[in-house]
Every structure is written in structure tokens, then in C-alpha cells.
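Data block below; observations after.
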2 protein chains.
Amino acid sequence: MEVTGHMPAQDAPRARSASIWDVARVAGVSQQTVSRVINGKARVSEATRARVLQVIAELGYRPNRLAQALAGGPVRSVTVLTSDTALYGAAATLRGMEEAARTAGFSVGISVLERTSGQADIALRLNRPGEAVMVIAFDDAGVRALRALPADVPVAAAVERRPDDGPDDPWQVWLDDRAAAAHATRYLLGLGHRTVHYVAIPSSTSALPQRTQGWQDALRAAGRPVPEPLPGGWSPRSGYLAVRSLLADRSVTAVLCGNDDLALGVMRAAREAGRDIPGDLSVVGFDDSPPSAYLNPSLTTVRLDFEGLGRACFGLLHRRLDPQNAPAVPAWSEPELIVRESSGPAPA
Amino acid sequence: MEVTGHMPAQDAPRARSASIWDVARVAGVSQQTVSRVINGKARVSEATRARVLQVIAELGYRPNRLAQALAGGPVRSVTVLTSDTALYGAAATLRGMEEAARTAGFSVGISVLERTSGQADIALRLNRPGEAVMVIAFDDAGVRALRALPADVPVAAAVERRPDDGPDDPWQVWLDDRAAAAHATRYLLGLGHRTVHYVAIPSSTSALPQRTQGWQDALRAAGRPVPEPLPGGWSPRSGYLAVRSLLADRSVTAVLCGNDDLALGVMRAAREAGRDIPGDLSVVGFDDSPPSAYLNPSLTTVRLDFEGLGRACFGLLHRRLDPQNAPAVPAWSEPELIVRESSGPAPA
DNA sequence: CTGAAAGCGCTAACAG
DNA sequence: CTGTTAGCGCTTTCAG
């Protein structure tokens, strides 16, 4: 009784799903030919190709991506490193990345960074040394992860701001929220407000965050007093706490917020302080998160194209991995001020 | 000139990261012993173990998960199938799943279902036939994906409601929002409202959704009229449109909404119709999404423990994959009515 | 306790 | 155009 090397015993019909060998055997071709059909790279005669595809369908064969990758096939998976997906910006960026990656045939992994997570374990989250990575580095945890990544991993990142010094990193994308913050500030000054206060989101760098800087730019250019930025967090609660005492001062008539959640907290604090929005106080947010158009009052805010940024970030990575065939990196929209009900002329 | 089989030419120092063989060679042990140390399964003498660990650190060796999995190692990866992560419920569930999975040492992949995505390509999203999967099946796309999954893939799912007929699926988890909807409805009736209107989220099944059913339960039990449920979508806009005409009718004094976004739209419609909340009209939402506590007025809503549900779903999957060692499935919180400013006594 | 051998499913050379 | 031969890095047998 002879048994060919590769075939498992016939009487043990383990429910193992079809492999490339099964397809090859049934189709009466070599395993390599099946591989060729799958990848469409090399030319295969139309007859064989059809037969192989036929068998593939019959057997319900699905290529094993792990084996493909292990055998040195092209990289077709990315891991996204991000912190706190509860935040609108990160979540929307993630959506953009996932969509673009999936469309390009990549499988995407996700790993959430905790505030506490050290640098050491970052590499351990990758499925293999050198796996492609995207980092959403809007906050400190993300920036640290980006920095902790071994040099040999192909990475692209969505960051809060352009690098502090030296040339731009060609593998990073960001939104020009400095200009946007300046624009929003000028808009408020144009409404007759003497100055604008700013509630800041936490910074990802030691340097001055972009939004803070843009706000200062505009005030300085207009020769207005520049108040201390109010340190806020990411939540409505932190916005509420940041301005609660400030709002007793009726000379404060305009507040720009680092994000829409902060603005939500600020509006609540205003209500409790008996300030009317926008009659008494103008509030402007940042992000244009989905609820903002329906708030009471609806929120004037800066729309940021996070999804577009995420798509672009993947586009960058794709070009890095496969400069020959990757399509051009898609553009993303410029920030745009959306004027709604929460802002108006300064009180007389 | 002789070249040993396994070693690449010395003069071509390709930056290939250290493999288990490299560790073995440097440590002067067999490759298998290194494997034993890594996995901690079999016993290794303390001396060798220490030496191996030492070398691992020196070389910066990291196991290749792909190779581990391919070689038949234990399954340590899951992919999550979900639709529209822009929705709070899905996003929060995803967070819970990811956290639990990562904590248990699993890498997690994510693949977003589109409304249009057919059943055929579902299996193609998996990294290998038989990969473990979690499905967030709160809507139709998720339910279809769950159904389309090949029988041999180990799956656990977070679903909108218990299966229509037959016994509960032991690999599914859900929130008891039927009871919660009934509770919220009774609360409103207790406030003196004659009846309660309901703006529904889209259903994932042909059967009556849980929330709708709970709302009807409570009205019937109290012998009140049961209005037609108003079909809504997921967005504030759809809530706005659903009730715009209805609110002209002053006899409508209480509206329960299938989620907080709908409630947001309803509140805006109410404002435009000149209705006062809660003096004139009570609005109750569902989910307790982050902004709801800070809205104007703040929203009475049903808090749902999506993150806990996600963690439990992973716990279930873990037990399915490894019944021996997986810890008990963590419990999640019961829905809870959070009373805030948007609801009050019926107008006189 | 340790080592040697045989693959996991696939792709990348090479032959024909 | 097609088949053959090596591995990818690891885990599982099976022998010592």
C-alpha cells in the first residue's frame, strides 16, 4: 500500500479547509499554477485558468493570508496604533484609514494605546517584525508610540502638527489647523469682540499646539490682548470646569474651543452663569463633530476633514510600501469655518 | 567557495530581524528549546531558560505571530466585523471588544461592513479560513454578515435582540433594551403623560425591535393608546424630520427616541415648533452617549453598557476557542434610566 | 529535560 | 506557458 507523501490518510477526513494543493490536485495542475491564477501575475493559458477558477469555486477555496505573507508575498496588512477612539477626531481618522486600506485590499489591525503603555511593548503588537503601521498621533500617547517604533517598520502617521524643526517628514500628514484657528479668531474679532479667549486641548508636543498658535497669531496681528490659554482636556466636563469661573467676567464675550466637546461644556457653563449665547457670549468649536449642527444653540465650528486625512495617510503608506503601483495620495479638504447659531456680534 | 545552506551570504547583511534560529545559535541550544522558553509550556532547566532569555533581549528578538499561527499555534487573533463605527453604540462596543482582546493577548483586526457589501466577500476578509471573528450586529448589515459567515469559523456576536425563535444562541450577547424601553415609557406615563410617542431606529430584523416592543408593552399594560412608531434613521437629521409635522399637535407631550442622536433632532424640531422642553414636551433618548449630559437641556436617556457588552462578547469567544483556560465571561451592566432635564411632568 | 525531523500554506526562484 | 525545488519562522510530533 503506497501513500503519496503529502496526502493525509484518507480515512481521517478532518474538516480542514481546502488548500492550494487540494485545488491543484483536483484541477490536475501544479500547485504553482494555482498560485499564478490567484495572483494573476504570470500568464496562464486561458483554458487552465478557467479550470482552476472553476475548482476554486467548487472547493470554496480561500487563500490563507498568513501563509501568503509568511512566504514573502507582498505586504497586505496594516496595523493602526491609536489612542482613545472615543474621541471624534481619532475615530473619524480611523474610519478613513480603514476604508482606504480595505479598498486597496489590505487587512487592517487595530491596537489601542493606553496612557500608561510604555514604549517597550509597541513592537510586540505587530504581527511580525517589520509589519506596516499607521499611527494616529494627535495626542501624547500616539506621539510616543510613533517615536518608539523600531526603525525598520514602514510607517505613516497622522499627526497634530508639522515637525517642530527640520524638514517635514514625508510620511506624515496633518491638518492646517493653525490657519484655521487664526481664521476663526479673525472671524470673531470681525464681529466686534475685543478679544477672544481660548480653551485648549492637551498638547501632543512640548511646543505650542497649532490651534493655540493660530489663535495667538490672529490676536497679535490685530493688536489685541492675548489672554492666557485655558488648559482643558478632551471632554465636555473639562471645558465646563475650565471656564466656569471666567464667565462671571462679563467682559469675556468670545470663547474659542480646541474641540466641540469642550465647546459643549463651555456652553453649559455659560447657561449656568446666566450668559446668553450668542447675544452675550459667542462660542466657537473645532472639529464639526456630528451633533454640533443640532445643539441648542447649534455650534459654530471649524470643520476638519479627518476621514480625508486618514485616507491620505494610508495613501502615503501605500506609496511607501509599493512606490511602483500605489495610486497617488488623495488630497484632503482644507479646514473650513462653519458659522451657526452660537456666534454673533459682540454685545453693545 | 562553500556556502552553508541556511546562512545568507555574510557579505550581504540584509537587515532581517532575528529569528528563533538566530537566538538558538547564539544561545547554543536547539531552536526547539527557544520555542519552549517563549511559550513557557514545557519545562526547561533554569540555567538554559535564563541564557535564552538573555539572548532574546540582546538580539531584540520578537516572535512572528504569522509564523506561530501558521505552524498551528493557538489562535491569538480575532477580526471584528462591524458596520458604521460612526455610531456610538457600535464604536463603544468595539472599544470594549478591543480592550478585552488585547488584554488577553489577542491581536485584533477590524473590517467595516458597507451597506452594499454582499455575503460572498465576507470570508475573504479573514486572514485565514477558520479565523476567529466577532460581529457587531446591531443593524441589518451586521446581521447579514453574521449569517453569511461560513460554519467553520468560531464566532461570537453582539446582537440587537435575542433570536426570534428557538433557544438562545450561546455565542451571542445582547442588552435587555426591551425592559429598558418599557421602564422609560412607564417613567413618562408616571409623569402624567397620556401616552408616549416613539421614534424608532432602523431594525436589524423583520421582527419588531426590542425597544419598540418594550415601549408598546408598557403602553398596553397601562391601557394607553399606542401610536404608530415613527420610523427614524440613526442621525439627528432623521429624528428632526420624523417628528417635525407631529409636533404641531400639542397633545403630543412625550417622545421616546431609539437613540440619543434622534433625540437631538427631536429637540431641535421642538425648538423650531416653539415647544418648550421639558415644560411642554418631554424627550427621552437611548444610549447615554457622551454629549447627552451636556446638551441644552441635558437629555434624559437610557444608559447602555456597550463597552461591557463588547468585553463579554470577547469573553464568550475566548471560552469558545479555549474552554479550558479562558476566564469566566464578565458580566455587563443592566440598562439604567438616567433622568436629566429633558423630561418632566405633563403640561396641565 | 533536550534535540531532530516534519510540515503549516504559500511564494520565489529556477528549470523545462 | 508550466512543473520542480526551496524555503518563510514557527509548532508539533517523535526520539533520545
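To find a chain, count down the sequence lines: A is the first, B the second, and so on, and within it residues start at 1. Computation of the quantities below employed the complete heavy-atom set of this structure, encompassing side-chain atoms and omitting hydrogens, waters and symmetry-equivalent molecules.
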**Message:** Suppose the criterion is ring-ring contact (aromatic ring centres under 6.0 Å, His included): which pairs have a residue in residues 37-61 of chain B, not counting sequence neighbours?
**Reply:** none
Indicate every side-chain donor-acceptor pair of residues 100-109 of chain B with a distance under 3.5 Å to a residue at least two apart or in another chain.
{"unit_1": "B:Arg102", "atom_1": "NE", "unit_2": "A:Val112", "atom_2": "O", "d": "3.3"}
{"unit_1": "B:Arg102", "atom_1": "NE", "unit_2": "B:Glu98", "atom_2": "OE1", "d": "3.4"}
{"unit_1": "B:Arg102", "atom_1": "NE", "unit_2": "B:Glu98", "atom_2": "OE2", "d": "2.8"}
{"unit_1": "B:Arg102", "atom_1": "NH1", "unit_2": "A:Glu114", "atom_2": "OE2", "d": "3.1"}
{"unit_1": "B:Arg102", "atom_1": "NH2", "unit_2": "B:Glu98", "atom_2": "OE1", "d": "2.8"}
{"unit_1": "B:Thr103", "atom_1": "OG1", "unit_2": "B:Glu99", "atom_2": "O", "d": "2.7"}
{"unit_1": "B:Ser107", "atom_1": "OG", "unit_2": "A:Asn127", "atom_2": "OD1", "d": "3.4"}

**Prompt:** Is the backbone of A:Ala326 close enough, under 3.5 Å, to the side chain of A:Arg319 for a donor and an acceptor to pair up by distance?
**Reply:** yes
**Asked** Under the 3.5 angstrom rule, does the side chain of B:Arg51 hit a backbone N or O of B:Ala27 as a donor-acceptor pair?
**Response** yes
**Asked** By side-chain contact (heavy atoms from CB on, under 4.5 Å), which residues pair with A:Asn325, not counting sequence neighbours?
**Response** A:Asp322
**Over all atoms of both residues, closest heavy-atom pair of B:Thr82 and B:Ala90** = OG1-CB, 4.0 Å
**Message:** Please tell me if B:Thr33 has a side-chain N or O lying less than 4.0 Å from either OP1 or OP2 of C:dT2.
**Reply:** no
**Where B:Ala312 and B:Pro330 come nearest, the two heavy atoms and their spacing** = CB-O, 3.6 Å
**Prompt:** Which residues in residues 43-57 of chain B have at least one heavy atom lying under 4.0 Å from any atom of DNA chain C?
**Reply:** B:Arg43, B:Val44, B:Ser45, B:Thr48
**Message:** In this structure, how many angstroms lie between the C1' atom of C:dC8 and the CZ atom of B:Arg128, rounded?
**Reply:** 10 Å
**Message:** Among residues at least two apart in sequence or on other chains, which ones pass salt bridge (Lys or Arg N to Asp or Glu O under 4.0 Å) with A:Arg162?
**Reply:** A:Asp168
**Request:** Do nucleotides 9-16 of chain D as a string where each nucleotide becomes B, S or -: B if the base has a protein heavy atom under 4.0 Å, S if just the sugar-phosphate does, - if no protein is that close.
**Result:** BBBB----
**Item:** B:Asn127 CG - C:dG9 C1' separation (whole Å)
**Value:** 14 Å
